[in-house]
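Some notes on the structure that comes next.
Order of listing sets the numbers, starting from 1, for every ligand and every atom in it. Note that the numbering runs from 1 along the sequence shown for the chain. Note that this is a predicted model, so its numbers are computed, not measured.
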Amino acid sequence: MDHLTSEIILPSPVFKIDLDLLCEKKINLFIKRDDLIHPQVSGNKYRKLKYNLTHLSETKIKTVITFGGAFSNHIHALSAACHKIGLESVGIIRGEIDENNPTLSFCRKMGMQLHAVSRTAYKEKESAEEVKEILQKYSSYQIIEEGGSNHLSKYGVAEIIDELHFDNIPTPDFIVLPCGTGGTTAGLLWSSNLKSQILSISALKTEHLFEEIMSLCQRKNEEKLKVVTDYHFDGYAKWNDTLLNFMSDFESKTSIPLDHVYNGKAMFGLCDLIAKDYFKPNTNILYLHTGGLQGLQGLRYIQNKKDHHTS
Ligand SMILES: Cc1ncc(COP(=O)(O)O)c(C=O)c1O
């Protein structure tokens with residue numbers, strides 16, 4: 001990661017959020033802006049990739065292969081990180097490859113080789129024939145799991161908890177963050193210095209997240225975790241006007257942009273829970289902004305395409 005280091009902002013900055021709702025309910029809400037860590041390798045991607053890529057630099061392996069959707073934050077960040085540190089990157093993409101999609105065209109610019117596979121093959125990953133054929137093209141490689149979540153990702157994420165000492169804020173009663181594969185939540189739980197309850201707000205419809213997180217963090221700090229599943233907005237990468245209006249209202253009041261796949265949903269959920277008195281007055285909450293802002297270009301791209309079709 002040495003070639004990334006000069007551009008990295010760590011510890012990521014923390015700000016207090018000022019909203020009428022917070023005054024009314026007497027809640028102290030802070031936000032840790034991991035989205036500002038690096039222009040391209042930001043948010044939980046930096047945290048999750050850190051030890052995966054450091055580990056690779058200690059081997060002779062020069063190619064990293066990973067999986068992702070066409071607008072994936074992970075694919076985007078991994079292509080940029082590999083480009084900067086001199087590794088070959090290969091992305092196995094779910095569904096078709098649209099050359100004009102801003103995420104994939106960025107990945108191409110970063111030198112990532114892209115291969116599309118059917119949705120069925122994507123689900124089966126390395127055991128699918130379609131995927132095996134792609135893997136045969138490369139002689140020596142390391143696979144990094146979808147979303148970058150694996151046993152190494154938790155070490156990078158756990159460092160967030162140690163950074164809180166430098167952030168000059170009261171110890172949070174709760175840390176709130178969005179959840180996809182559960183790797184980021186597992187990393188926070190992995191920290192031996194964790195003092196807060198973790199509220200992990202799912203961005204997708206699933207019933208298994210708690211157990212998936214537990215298997216990634218080996219049940220460490222199990223009693224501190226609550227997974228909230230009421231704010232997925234009908235499923236992964238789905239959105240509606242309520243969500244988009246919330247995001248733009250939040251940004252106009254705080255100057256903090258949120259993405260529509262993860263942080264928009266989690267912050268919406270958090271504000272809704274505050275409004276419903278889920279937290280006692282004087283609770284200190286730290287919201288972890290996990291990045292994903294590159295996805296907003298994808299959102300505009302999809303909206304423009306839809307407008308074009310309907311006009
Ligand atoms: C911006 C962003 N936030 C949150 C998440 C969810 O993180 P995890 O998959 O580790 O639960 C992801 C996906 O990795 C993401 O890209």
I'd like to check which ligand 1 atoms, numbered from 1 as shown, lie under 4.0 Å from a non-hydrogen atom of [X].
{"X": "Gly292", "value": "1 (C)"}
{"X": "Gly291", "value": "1 (C)"}
{"X": "Gly183", "value": "8 (P), 10 (O), 11 (O)"}
{"X": "Asn73", "value": "1 (C), 15 (C), 16 (O)"}
{"X": "Ser149", "value": "10 (O)"}

For ligand 1 and [X], I'd like to know whether there is a polar contact (N/O to N/O, distance under 3.5 Å).
{"X": "Gly182", "answer": "yes"}
{"X": "Lys45", "answer": "yes"}
{"X": "Thr290", "answer": "yes"}
{"X": "Asp259", "answer": "no"}
{"X": "Gly180", "answer": "yes"}

With Phe174 via ring-ring contact (aromatic ring centres under 6.0 Å, His included) - residues at least two apart:
Phe279
Search all heavy atoms of [X] against all heavy atoms of [Y] and return the closest pair with its distance.
{"X": "Thr103", "Y": "Gln294", "answer": "OG1-OE1, 2.9 Å"}
{"X": "Ala203", "Y": "Tyr262", "answer": "CB-CD2, 3.7 Å"}
{"X": "Ile213", "Y": "Ser200", "answer": "CD1-OG, 4.4 Å"}
{"X": "Ser12", "Y": "Ile37", "answer": "CB-CG1, 4.0 Å"}

Got the closest protein heavy atom to [atom], with its distance?
{"atom": "atom 9 (O) of ligand 1", "value": "Thr181 OG1, 2.6 Å"}
{"atom": "atom 2 (C) of ligand 1", "value": "Tyr262 CD1, 3.3 Å"}
{"atom": "atom 7 (O) of ligand 1", "value": "Asn44 ND2, 3.1 Å"}

Kindly say whether [Y] contributes a backbone atom to a donor-acceptor pair with the side chain of [X] at under 3.5 angstrom?
{"X": "Ser191", "Y": "Leu188", "answer": "no"}
{"X": "Asn240", "Y": "Leu243", "answer": "yes"}
{"X": "Asp167", "Y": "Ile169", "answer": "no"}

Please work out whether any backbone atom (N, CA, C, O) or any side-chain heavy atom from C-beta onward of Val261 is under 4.0 Å from ligand 1, and answer side chain, backbone, both or neither.
neither
If only side-chain N and O atoms count, and only distance matters, is there a donor-acceptor pair under 3.5 Å linking Glu88 with Tyr141?
no
Could you check Thr181, Thr185, Asn44 and say which one makes a side chain to side chain contact (heavy atoms under 4.5 Å, CB included) with Ser149?
Thr181
I'd like to know if Cys179 contacts ligand 1, where contact means a heavy-atom distance under 4.0 Å to any ligand atom.
yes
